[in-house]
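Reading through the structure tokens given below for one structure.
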Amino acid sequence: MALLLGAGLIVKIVLLILIGFSVVSWTIIMFKFIQVQRANSESVRFMDFFWKSKRFDAIASQVDRFANSPLTVLFNEGYGELKKVVEGDGASEGSALSTDLGGIENVSRALRRATNSEITRLEKYLTFLATTGSTSPFIGLFGTVWGIMNAFEGIGRTGSASLAVVAPGIAEALVATAIGLVAAIPAVMAYNHFQHKIRVLINEMDSFSTEFLNIVQRNITGK
Amino acid sequence: MTTRPAKVDTGMGVSCIVSTVIHLAVFLLLLWWGKLFPVNMVVQETYYVDVVNLPVANPRAGSPTQKGNETEIAPPPPVAPVSAMNLPEKPKPSAKTAAKPDPRVAQSAAESSEAALAERVAKLERGLEARREDAVMERLRSKLKSAGSGKSGMPAASGTEQGSDYTAYIQSRLKDAFRDTISYSTKNPEMIVRLFIDSGGKLSRRISERSSGDRAFELAVLRAIDMASEKFTPPPDKKQFEGVFVFKPQGITTNRGK
């Protein structure tokens, strides 16, 4: 503790920056952990419910139970677009079904847009974790280099290279690197973990989109 | 066209508060840990060996031996009995020779005077030899006496012999302590301090003869003196010691002239 308090001004500023990075990255880690966990668990439950249900309107009335799942967003978008297509076809041609694939394309675009929007939402703030993981050690290293420069200056002033003169400065300097690593290591680990989880969710969303389009094409167009 | 309501991510504020609390807790834990388990620096006894001015060891002290291996000092060699010198008998003048001065008698008198001279020279030589032997024996006895309590292996030097330098000893102790306390804020500060050490090895007085004008440096010097004075050994001959030391960031020098 004395090492932190006894450090020079520049090293203290570096330490404050690193502590700030650490606080923010842990905030993101906790937030993302809860978000991804909920998304995963509710997606599993939603898929069970989806395959058990026979009607889209029945599913649409229950999607609020799975509000944290990205699949419900996809379903809402796809179902909303499908309704519009069906309503538009009915109004223009008096038929409930469209035999061309224009309506399916619309639904597909809506699903793709919803998927992109969910990916953006899930990956939000992760760039900060990546930045913390990659830059914190260098910021800490800067503090260390500065502290060692001061230590060498002290050696030059006293004309003595004894441990009593050199060691305190170097110890203070190394604290900056240590805190940089403390901030960076969890950030990198969490970033990799969340990247993996989000990739799984993206695959699930792609699969769901394909399944949704297949169902729409089979049941509505009769193909 | 209907727009999908954007999902609002809640929980960021709560995460921020929790993260801040965790960091504060870690900080306090470190503080508490530092107080609970203070870093104990292992202070090892430092032995000072003045290579230049080593105390003169008694040659009879022998080589270092382990404890318990002390051998008894051999008894001094028996003193050779000094026999009383046989003084030459004085020539007894005979009444006859005195009464009758005879050329034979005169010749025999001359012979006897030569013999007496020879006797006298022999006597002087024997006396000289006896004195030389006495001196050698006396020297041996005094050496045996100064061999101390019989513990072999320790130099019997007391610090009073030629070669021991109490000032150098004090200087090295101060230098060692000063290395730990050194601190200064001005360029090349210099402080001169006169120290008085009583016969028990206790620092009795310290006088600042010249101030450096650097508060941090002066505090460092005083701290170094206090630290060093805890382990001073008594001066040789149990006399009060007085010395002037010049403290600089580069080290400590003595001012013997003052």
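In what follows, chains are A, B, ... by sequence order, proteins preceding strands, each numbered from 1.
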Shortest non-hydrogen contact between B/His23 and A/Ser22, atoms and distance
NE2-OG, 2.6 Å

Side chain / backbone / both / neither for B/Ile17 at chain A, heavy atoms under 4.5 Å
neither

Throw together a table of side-chain donor-acceptor distances under 3.5 angstrom for residues 195-203 of chain B, partners on residues two or more places apart or in other chains.
{"from": "B/Asp198", "atom 1": "OD1", "to": "B/Gly200", "atom 2": "N", "distance (Å)": "3.0"}
{"from": "B/Asp198", "atom 1": "OD1", "to": "B/Gly201", "atom 2": "N", "distance (Å)": "3.2"}
{"from": "B/Asp198", "atom 1": "OD1", "to": "B/Lys202", "atom 2": "N", "distance (Å)": "2.8"}

Would you find more than 12 non-hydrogen atoms of other residues, nucleotides or ligands less than 6.0 Å from B/Arg206 atom CZ?
yes

Is it true that, when you exclude A/Phe49 itself, more than 12 heavy atoms of the residues, nucleotides or ligands shown sit nearer than 6.0 Å to its CZ?
yes

According to the side chain to side chain donor-acceptor pair (under 3.5 Å) rule, which pairs have a member within residues 191-202 of chain A, sequence neighbours left out?
A/Tyr191-A/Gln195

In short, A/Trp26 meets B/Ser19 closest at the heavy-atom pair CB-OG, 3.3 Å

